[in-house]
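Proteins get letters first, then strands, A, B, ... in listed order; numbering begins at 1 in each. Computation of the quantities below employed the complete heavy-atom set of this structure, encompassing side-chain atoms and omitting hydrogens, waters and symmetry-equivalent molecules.
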Amino acid sequence: MKQYAIRRLLQMIPTIIGVSVLLFIVFAMAPGNFIDSNPTISKERAAELKAIHGLDKPLVERYFTWAENTIKGDLGLSLQHKQPVTTVLNRYMWNSFLIAAIVLVLSWTIAILVGVFSAVRQHSIYDGLITFLVFALMSLPSFFVGLYAIKLFAIDLKWTPVGGMYTSGSNATGLARIWDLVEHLMLPIIVLTSISVGGLTRYFRTSMLDVVRQDFIRTARAKGLKERTVIFKHALRNALLPAITLLGIELPGLFSGAMITEKIFNWPGIGRINLDAINARDYFLLMGFTMFLALLTMLGNLLADLLYRVADPRVRMK
Amino acid sequence: MKKRFSIIMCLLLSLTLVLSACGGSKEGSGDTSSAGQTSEQSSGSGEGELVADGLLKATDQTKSPEAANNRKDMVIIGFAAPSGIFNPAYAETAYDIYVSETLFDTMLQVNKDGTYSEGLAESYSISDDKLVYTFKLKDGLKFSDGSALTAEDVAFSITMLHDKSYDGPTDIIKDAHIKGGQEYKDGKASTVEGVKVIDPRTIEVTTTEPGALAFSAIGTTGVLSKAYYGKDYKQGDLGYMKDLFTKPLGSGSYKLEKFAAGQEAVLTANENYYKGKPKIPNLIFKFTTNETNVQLLQTGETDMDFITVSKDQVDQLKEMGFLDVNLFPTNGYGYIAFNHNRDQFKDKRVRQALTYGLDRQQIVDAVYQGYADVIDIPQSKESWSYTDEVTKYNFDLEKAKQLLDEAGWTVGADGMREKDGKKFKIIFTATTPNEVNDAIIPIAQANYKELGIEFIAEQMDFNAAIEKRKKGDFDMMFLAWGLTPDPQSSENVFKTGGSQNDTGYSNAKLDELFTKAGKEVDIEKRKPIFKEIYQELNEDLPYIYLYQRRDMWATNARIQGFDMSPYRRFTNDLSQIEIK
């Protein structure tokens, strides 16, 4: 097990180097750059600025300078924010993480419950209704649901705030402040959860249906176990196995932010910072953030594989 | 199976019923309320015609939401999120500039027409040879921490802009030509020779050549405290400045209490402000997005916000009744550039024909629904340098055809124009997504087809289009420029080899006029020169000038005292505004 983990970790090194080279080339080749977009400065000044930020050097040299600094933990300076990339990421990423983590827990819980329920009663009226609702939620565009939810809950009914993270100008502390945060979290979480729960429900339903039809379930029923025990103890545990892979894939999603919903709900997250960085050609911020996500993707995969070995003895055997 | 299907169908049907019922009732209520509003408006604004400029006063202040009315000692102003660069030397986006201007003051302040008058300075003088600028500061100036603001602080603020490691957006060497500036940057001198402190209240700045932009460049440098920002300064290393961006110390009307990135900046009144402590003790800049800034005004979470102008938005704001809506011309203009290196555009008559032959009014109306003017010179009508005594290129296909004939582009057998066996074909590089391009392309295609010119659009991402422009690989292209208060900076665009002139445009008469205007510092002397410049630009048409659109601030009428213009931002009034 340990040997396997170490081998996998070592395998990540060439992958991450490859990814970084590819990203660096893609970003560098994208037309336009941050400095030339300022119309009020002279050509001499633009050249000076490029020299200050090291953008005047050849691409290969720039890559190695970047790689060297990154290994030392210095991701460079964001051109837009004029702050170290790590500072900028730190400012916004945790806000995105907060929403993503809550949405992850909620959507998985709901999806598992609903998925199992509709699988057990396959072809019933509930199954039909849930399937319909799930597909309806999946196919709605987030910006539409978001704006409509704001109109309905924030403006007409005045149940929730329009957007943001805290009420401006409130001096609330302690519990009152946490409640303020909860109120602001409500709408984005409802919208994001209802959008992501759809796919997951389908996934768990299918996986559950597969398991329920297998021989060991029939055996369990035949020996007179209660239906509840059969479903939740024997069937569900096996149905959840493939979900481990899914969980691994979700890891970078926790930190990547949601561009559209963050803009609509005015949430100070990393998604729209990333979008701005793309438009402004803020190379170092883009590189730093994308590399971070790439690393998380790889770690997520590794984690999923390791967990699979823990959870499923059949994999361990091989 | 059949049963299940019918159940789903039933569900679907009932759902559609519910949905359509919702839609119906909503439309109904919308109709009645807007009908009530229209009658009110038409009595308010005369004939009910479109008011596209100026202040539309609130019609019913009692509609102001409770949430806003409850804030007795606080104003919340919304705009898009800044990056958190609260330092006048480094702020680059408009939103960082808003915050910086609130926290820091300058020796000169801008007037509504783009001229300047005294701010921190009590008086100023310019020597007869137009090389030496002397500013005398007001008595008893203080930073917000109570320490004295002296000429030393001004000298430091100007000096640091010349530092080798300074990476902010100001290009002081180009704008001001201060004596010894380049030497300081190159490390050959330990001070900027031309910046001299005469006494604690007087600073003298010597330049190497007369420059129209020098006065404003020097006078609008944000004054930083030398004791605070300069204590760790070593020539050639300004890295530490970045750690102070969110811990600013200035002499502006408010001081920063708290900055929450992407959320808000909380400010309190500066009791040491030179115009007296602001009347509203607490000010919050709340960072909003286009998607919901109108809704925030509606629920009273903000008192003021910058709203993108469109007919729908203006109508919605007016309908709310409790908002003062201030519309003014955007400080910038949209244009279609010609590539002057291409043979077909070298003849002035062709450029004029393409301007006459394009229904600019239709394009502008399609995009801005009346909230933009078609322009014939590249300057805001609010500027002191503006002139109206120019040719109006109103849509006229006959005139366009005649001009093309004169230029030798004759109609061939297939109805298309050609000269020396070459067909007239225009490749139009269009950025996308862009609503103006979406209007230009079909209209220009139809208009130019009537002239016998083939107009082909090539759509691409903004940065890709800019790259093409820099390489000179385009025929015509729509873009927009922002304008500075001083018109001199448009020489970067129109002078031969100007830093932003990447269309290959060259006109000896304009070069001479810009040089002449650049050597004058007296506005009265510069006015006639600029009139000539704009007449020449109108005649020679380096661009097809397209439109000047509108900017809009909507303010809850409980806040009074703003006096804005395209040049004079709301930040100038923050110490004067009151809650009614």
Item to complete: Check whether NZ of the Lys or CZ of the Arg A:Arg62 lies under 6.0 Å from the centre of the six-membered ring of A:Phe24 and within 45 degrees of that ring's axis.
Response: no
Counting only non-hydrogen atoms closer than 4.5 Å, does [X] touch chain A with its backbone (N, CA, C, O), its side chain (CB onward), both, or neither?
| X | value |
| --- | --- |
| B:Ser490 | neither |
| B:Lys185 | side chain |
| B:Glu92 | side chain |
| B:Ile466 | neither |
| B:Ser165 | backbone |
| B:Asn282 | neither |
| B:Ala81 | side chain |

Worksheet item: Do the charged groups of B:Lys242 and B:Asp167 touch, with an N to O distance under 4.0 Å?
Response: yes
Worksheet item: Would B:Asp473 and B:Lys468 pass as an ion pair if we require N to O under 4.0 Å?
Response: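 Salt bridge: yes.
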Heavy-atom contact with chain B under 4.5 Å, split by part of [X]:
| X | answer |
| --- | --- |
| A:Leu77 | side chain |
| A:Asp276 | neither |
| A:Phe265 | neither |
| A:Ile264 | both |
| A:Glu48 | side chain |
| A:Ala51 | neither |

Worksheet entry | Reference residue B:Phe285; test side chain to side chain contact (heavy atoms under 4.5 Å, CB included); the match among B:Val266, B:Leu267, B:Thr302, B:Val75 |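 Running side chain to side chain contact (heavy atoms under 4.5 Å, CB included) over B:Val266, B:Leu267, B:Thr302, B:Val75 with B:Phe285 returns exactly one hit, B:Leu267.
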Fill in: salt bridge (charged side-chain N to carboxylate O under 4.0 Å, His left out) partners for B:Asp486, two or more places apart
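Only B:Arg526 meet the salt bridge (charged side-chain N to carboxylate O under 4.0 Å, His left out) criterion with B:Asp486.
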Item to complete: Go through the steps to decide whether B:Tyr90 and B:Tyr166 satisfy the test ring-ring contact (aromatic ring centres under 6.0 Å, His included), and finish with yes or no.
Response: CA-CA 9 Å; B:Tyr90 290 88; B:Tyr166 169 69; 5.2 Å; yes
Worksheet item: Side chains of B:Thr288 and B:Asp305: do they bring a donor and an acceptor to under 3.5 Å?
Response: yes
Discussion item. Under a 3.5 Å threshold, yes or no: a donor from one side chain and an acceptor from the other, between B:Asn492 and B:Ser489?
Written reply: no
